[in-house]
Protein chains: 2
Amino acid sequence: MSEAGNLTRKEQVIRKAAELFKEKGYAAASMRDLAQLLGIEAASLYSHIKSKEEILRSLCFDMATEFRKSLNEVEKQNVSASEKLRMGIIGHIQVMAKDLTASAVFMNEHRHLSEPYLRDFLLLRINYINRFKTILEEGVRTGEFKNTIDKKLAVMTLFSSLNWMPMWYDPDSAIDPAALGDQLADMLINGLKKTA
Amino acid sequence: MSEAGNLTRKEQVIRKAAELFKEKGYAAASMRDLAQLLGIEAASLYSHIKSKEEILRSLCFDMATEFRKSLNEVEKQNVSASEKLRMGIIGHIQVMAKDLTASAVFMNEHRHLSEPYLRDFLLLRINYINRFKTILEEGVRTGEFKNTIDKKLAVMTLFSSLNWMPMWYDPDSAIDPAALGDQLADMLINGLKKTA
DNA sequence: CATCCTTCCTAACATCTGTTTGTGCAGAAC
DNA sequence: GTTCTGCACAAACAGATGTTAGGAAGGATG
């Protein structure tokens, strides 16, 4: 609604909230803080949103949807496991790069969701992780990946690397998201060591 | 003071606080919550600690000291860069494993420190990271590591992997901290790919 | 015994929390 | 011109927040 390509007021509220939640953390960010950032009174926020947690929910679940869509595309491809892994990593990073702020909230603040939303969120998350784990296992089965490495460790290392990216990645930096994903995939698959 | 090998009451308070901060986050954890866990009234906490933030400070800076000590030992060694990296990783993981709860707080909640402590903490942290970066650069210089990978990416990937460990590592699991560090080092240095 | 130290208590404080209620005003739709 | 809708306000709410003041019980130390 409202003006052409612009944001709804509600979307503006959610965006600013994402910035605030990222910076101070959900629990330490007050609705009065948020209102002040938008130049309005705290009570006015409730013309646009139902509750503080509704904001967190939409941030978390919207990101989750994007991640799933990205991985769906990858799984359709008929390529090797290492190539699938590479594409999955790049996809994940590109989804994050599209909204680094929401990504940071998604990863750091989801625990403040109340039940039953928290449970739902964690289920989505474990499912996503398991789909990556399946790719790893496929690679081990086909002999592409070594079978000496603990799969839980491998997949958690992967996720840790991915999920911390919003904390340090500078979107104005020389390296763009696709190249970053490429390098990260290379590093995880081939390692740091020179394979001379 | 008090009983032989046991914990001071103050130490008990800090320990329980660490558990609470890890579980709910610093901001969402109230002093009344903490008191309840200890079976006392909130006001009684102040016989042992000066403020809520003092607890966070001691948790964060005590861990920081342990990490530094560990890395100091590694830097003394006269070994190759990849060996130094391996030792640094194992050391870091062993420090974490000694207190997974405090480690989680260290990594997730330090941002709630007020100035000037926050600044001090971040300086310690960047210094620690840079020392790992130096090891990486040494490895590139000596030709052990490839020079095609962005060093910031590499070191941040390393740290992400390390720092998320307290979130998923089960101390009762089959794999012990040293072996975990060994595998993680192998994965980062040699990659997932089979080097047949 | 007297003194101290540790540990805990009750009561209270000022401030901040998310949220509700009722109201008003602008512009768009009919 | 009337109605509707989006957006904002002030005032207030009930409860939670970190923290302080002052005191009391109990054990250890002199």
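On a predicted model such as this, the values are computed, not experimentally measured, just so you know. The chains referred to below are lettered A, B, ... by the order of the sequence lines, with proteins before strands, and numbering in each begins at 1.
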Please give, in whole Å, the distance from [N] [atom2] to [X] [atom1]?
{"X": "A:Leu7", "N": "D:dC7", "atom1": "CG", "atom2": "P", "value": "12 Å"}
{"X": "B:Ile49", "N": "D:dG18", "atom1": "CD1", "atom2": "P", "value": "10 Å"}
{"X": "B:Glu41", "N": "D:dT20", "atom1": "CD", "atom2": "P", "value": "17 Å"}
{"X": "B:Leu45", "N": "C:dT6", "atom1": "CG", "atom2": "P", "value": "17 Å"}
{"X": "A:Leu34", "N": "D:dA8", "atom1": "CG", "atom2": "P", "value": "12 Å"}
{"X": "B:Glu54", "N": "D:dT19", "atom1": "CD", "atom2": "C1'", "value": "14 Å"}
{"X": "A:His112", "N": "C:dG18", "atom1": "NE2", "atom2": "C1'", "value": "15 Å"}
{"X": "B:Tyr46", "N": "C:dA12", "atom1": "OH", "atom2": "C1'", "value": "14 Å"}

Options [options], nucleotide nearest the side-chain atoms of [X]:
{"X": "B:Lys52", "options": "D:dT19, C:dC8, C:dG18", "result": "D:dT19"}
{"X": "A:Met31", "options": "C:dG18, D:dC7, D:dT20", "result": "C:dG18"}
{"X": "B:Ala43", "options": "C:dT10, D:dC7, C:dT20", "result": "C:dT10"}
{"X": "B:Ser47", "options": "D:dT19, C:dC8, D:dC7", "result": "C:dC8"}

N/O (side chain, A:Arg32) to phosphate O (OP1/OP2, C:dT19) under 4.0 Å
no
For C:dT6, take OP1 and OP2 only and decide whether either is under 4.0 Å from a side-chain N or O of B:His48.
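Checking C:dT6 against B:His48, no side-chain N or O comes under 4.0 Å of OP1 or OP2.
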What is the nucleic acid contact for B:Ala29, judged by heavy atoms within less than 4.0 Å: base, sugar-phosphate only, or nothing?
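Answer is sugar-phosphate: B:Ala29 comes under 4.0 Å of backbone atoms only.
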At 4.0 Å (heavy atoms only), tell me whether B:Ser30 reaches a base, stays on the sugar-phosphate, or touches nothing.
sugar-phosphate
Is the closest side-chain donor-acceptor distance between A:Gln12 and A:Arg9 under 3.5 Å?
yes
Mutual orientation of the aromatic rings belonging to B:His92 and B:Phe67 [parallel < 30°, tilted 30-60°, perpendicular > 60°]
parallel
Give me the ring orientation class for B:His110 and B:Phe106: parallel if the planes are under 30° apart, tilted from 30 to 60°, perpendicular past 60°.
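Taking B:Phe106 first and then B:His110, their aromatic rings sit tilted (interplane angle of 30° to 60°).
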Between B:Lys16 and B:Glu19 (salt bridge meaning N to carboxylate O under 4.0 Å), is one present in this structure?
yes
Under 4.0 Å between a side-chain nitrogen and a carboxylate oxygen: does that hold for A:Arg141 and A:Glu138?
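So A:Arg141 does not pair with A:Glu138 through a salt bridge.
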The answer to which of B:Ser44 and A:Tyr26 contacts DNA chain C further toward the 5' end, by nearest nucleotide, is B:Ser44
